[in-house]
Amino acid sequence: MLHRHSSAILDRLNPAQRRAVTTVDGPLLVLAGPGSGKTRVITHRIAYLLAESGGDPPGILAVTFTNKAAREMLERVRVLVPQGNGDLTIGTFHAVCARILRRDGSPIGIPPSFTIADEDDQLAMVRRVLRELNWDEKRFPPRAMLSCISAAKSLLIEPAEFAVRANSYVEERAAVVYPRYQELLVQHDLLDFDDLIMRTVALFREHPAVLDRYRERFRHVLVDEFQDTNVAQYTFARLLAAEHRNICVVGDEDQSIYSWRHADIGNILNFERDFPGTHVVVLEQNYRSTRTILQAARRLIAPNTMRKEKSLFTENDVGERIVVFEAYDENEEAGYVATQIERLLAAGVARPGEIAVMYRTNAQSRVLEKEFLRHRLPHRVVGMRFYERKEIRDLLAYLRLCRNPHDVASFERIINVPPRQIGAKTLADLRQWAREIGVTAPEALELLAEDDDRAAGCPIGARARSALVEFGRLLGILRRASAEMVVARLLERILELTGYRELLDDGTEEGESRLDNVRELITVAEEFSGYGPEGSLAAFLEDAALAADADEYDRASDAVTLITLHAAKGLEFDVVFIVGLEEGLCPHSRSIEDPRQLEEERRLLYVGVTRARRRLFLTYANRRSHFGEGSIREPSRFFRDLPPELVQGTARAVQRPGRSSGSVRQQSRAHSFTDTGSREPDGQQASAVIPLRPGDRVVHPTFGQGVVVSVVDRDGDQEVTVAFPNLPIKRLLASYARLRLVSS
DNA sequence: GTGCCAGGTTTTTTT
DNA sequence: AACCTGGCAC
């Protein structure tokens, strides 16, 4: 029997969705294809649990992948259940675990005031270990070391065990770094991202009473984007649910694109084995895309072996064909995208905010941005990571130092920012002296500034010393200020007293934009004012440490979105352009060797394709410059899985579809395919034979008819400038552009 | 200690 | 092409 709330909650759900919402007892695996109403299912399920519980509201834990997803989910639940009864926790794995550890971490030696190490901190620690070991950073790149250590932690492997299990040269080396790295973290009251999960699991395992309390509290556990969880995260969820078994995981292995961050696709493929008796619900109806787009997506993903078979379908219209465009180079590609967008806007097909351009690597956004500026198209680039900008990190370092005077990494980051006559030598001397008298560098500085007795023995020259004293006083002032004012005011005070504002305000455009960023940071900080001086500082830093740039994304401004394929997951747009679909870029050159990584590249493209509601454009270029050097490119092998009947356009990549790119045998034929496709035998290369002259009428496969404006000889080729009606003037290389002479 | 130049490296993806 | 590093002059 349903309570009165439930009808609204269950309304407008299809049968599969309804099953996913109402199957609340026992383990449940929801396989949610793209556009199948996944978020809807999750929020309605939570609402259902809350509304159905009557007088005994259950504790619910919902874990998401991003803070943004968590916020959205919370908002949508609130709309469904305005009375908000029950105990609901929604957050990312990291945020939830951080909270648990602050509250209950002391039994395993974690101080409640620990700091979350960012990547800078991590790298600083690894570098320090390398220095101690006398290892060359060139031969043992800190990032590679860190990645190995992170992989180990994702698998819940402690240092001692890792030393035994390492099974490659890099791993062996990382295994040497790991224990010392961990020691340094502990010494500095730091937990890295992986520690947040790993230590929580350790807490649960070593202190069953604590685990029991959380099991008692979270009677229902829900995991979103389950395909992206790593072993540690899954273990965390599994521990919580082991007793009541009320665990619901939602995901789609076809959209697993984070293995490089140690996500384990095995979690989703093995869930049923781990929880016998699991109900499985498959959401197969797509409400997002046209039939053409969905069909293309299905064909694209089909060759993957590590997946469960599904039969996605949609009742939507067939829609337009997919457009494939072959560009001469990345500039022409960007020009094409901009021009097409102008056309779509002019035709009223979509607003800028409903259009996205997606690419494999962030570097690709540059050309696009340049071209969009030229065309005066409103656009925004997602992924210029706010919290990774220098000015933001510097200011956060000041804040962290106010809160935790022993934060050595922050201390060293800003000791000479803005420049205040304290160079590497002075810093080294300070460190040395601090070690001698048995304090941390920031403490030693404090002794100097306060003219403590011990300062007398300080072997630092007068000039450097006075610079240090002044800096020490400054820090003292800021620290005292932090106890009296909320974090937003504190930031303003820092800008003033440190001279940071003048440092940024150098009259350049870049300086102006950096100042804007700082203002933005203060605006964000304002939101924490309610917590009072110290509370706002703590809460703000916690938030900043766990913030991801994808969280920044908001659709408020009506601008075209430029975004990486990874960051596009979870979003949708009327019109999607995916650019740079070339061998070496997508699939990326670093993934081409390994079949597993190749499958992930395919999933990545699948994610991009399935973001589109109505129109999809796929483009590639014949040459592209990379690290300042030009290179010839081949179309992506994935084009071979695109049925030609779904495609419009004359690009060679789809004119001669080879067989699927999925099997090894066919991969070896990649070259023969592109070779035969690269030159049509029907006279299209005539342009290389018949010299073009100004005034000639020509036809371009995509731009249509145009008139040659001028011709310049270039390296034995002709650079032809052509005017096409309604398009910007194009400069093309005759041998590549496949211009056909119509009349002279 | 700072600023400038040469030379080498880079970003694939980010909670 | 842009960025960081290391070496050098001031």
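So that the names make sense, note that chain A is the first sequence line, chain B the second, and so on, each numbered from 1. The basis for the numbers below is simple: all heavy atoms, side chains too, and nothing from hydrogens, waters or symmetry mates.
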Checklist line | Check: A:R199 main-chain N/O paired with A:D195 side-chain donor or acceptor under 3.5 Å | finding: no
Next item on the list: In whole angstrom, give the distance that lies between atom NZ of A:K370 and atom C1' of C:dA2.
Entry: 13 Å
Protein-nucleic acid N or O pairs under 3.5 Å, nucleotides 2-4 of chain B:
unit_1	atom_1	unit_2	atom_2	d
B:dT2	OP1	A:Q421	N	3.1
B:dT2	OP2	A:N416	ND2	3.0

Check: Quick one: are the ring centres of A:F577 and A:Y359 less than 6.0 Å apart?
Finding: no
Check: Is A:E391 salt-bridged to A:R514, going by a charged N under 4.0 Å from an acidic O?
Finding: yes
Margin query: Categorize A:T426 for me: base, sugar-phosphate, or nothing, with a 4.0 angstrom heavy-atom threshold over every strand shown.
Written below: sugar-phosphate
Checklist line | Over 12 non-hydrogen atoms of neighbours within 6.0 angstrom of CD in A:E470 | finding: no
Checklist line | Atom-to-atom span, NZ of A:K68 to P of B:dT14 - whole angstrom | finding: 14 Å
Check: For A:L565 and B:dT14, what is the distance between atoms CG and C1' respectively, to the nearest whole Å?
Finding: 14 Å
Next item on the list: Could you check if a side-chain atom of A:F226 sits within less than 4.5 angstrom of a side-chain atom of A:V63, using non-hydrogen atoms only?
Entry: no
Note to self: With a 4.0 Å cut-off on N to O distance, would you call A:E601 and A:R360 a salt bridge?
What the structure shows: yes
Checklist line | Option from A:D121, A:D118, A:D394 for which salt bridge (Lys or Arg N to Asp or Glu O under 4.0 Å) with A:R413 holds | finding: A:D394
Notebook entry, point to check: Can you tell me if A:E412 uses its side chain to pair, donor with acceptor, with the backbone of A:A409 under 3.5 Å?
Noted result: no
Check: What is the per-nucleotide protein-contact pattern of nucleotides 5-10 of chain C, from the 5' end, where B denotes a base atom under 4.0 Å from a protein heavy atom, S denotes such proximity for sugar-phosphate atoms only, and - denotes neither?
Finding: ------
Notebook entry, point to check: Can you check whether A:L190's main-chain N or O pairs, donor with acceptor, with A:H188's side chain at less than 3.5 Å?
Noted result: no
Margin query: Between C:dT5 and B:dT12, how many Å separate the two C1' atoms, rounded to a whole number?
Written below: 23 Å
Note to self: What is the distance, to the nearest angstrom, from the CG atom on A:L146 to the C1' atom on B:dT14?
What the structure shows: 13 Å
Next item on the list: Would you mind reading off the distance between A:N67 atom CG and B:dT14 atom P, rounded to a whole angstrom?
Entry: 15 Å
Next item on the list: Please state how far atom CD in A:Q227 lies from atom C1' in B:dT15, giving the value in whole angstrom units.
Entry: 14 Å
If you restrict it to nitrogen or oxygen atoms, what contacts under 3.5 Å exist between nucleotides 10-13 of chain B and the protein, and what is each distance?
unit_1	atom_1	unit_2	atom_2	d
B:dT12	OP1	A:R590	NE	2.8
B:dT12	OP1	A:R590	NH2	3.1
B:dT12	O4'	A:H588	NE2	3.3
B:dT12	O2	A:R360	NH1	3.1
B:dT12	O2	A:R360	NH2	2.0
B:dT13	OP1	A:N362	N	2.9
B:dT13	OP1	A:N362	ND2	2.9
B:dT13	O2	A:W260	NE1	3.2
B:dT13	O2	A:R360	NH2	2.9
B:dT13	O2	A:H566	NE2	3.4

Next item on the list: Please report, rounded to the nearest Å, how far the P atom of B:dT15 is from the CG atom of A:D195.
Entry: 18 Å
Check: Between atom NZ in A:K390 and atom P in C:dC4, what is the gap in whole Å?
Finding: 10 Å
Item checked: Donor-acceptor pair, side chain of A:Q227 and main chain of A:I268, under 3.5 angstrom -> no
Margin query: Salt bridge check, A:D254 against A:R307: does any charged N sit closer than 4.0 Å to a carboxylate O?
Written below: yes
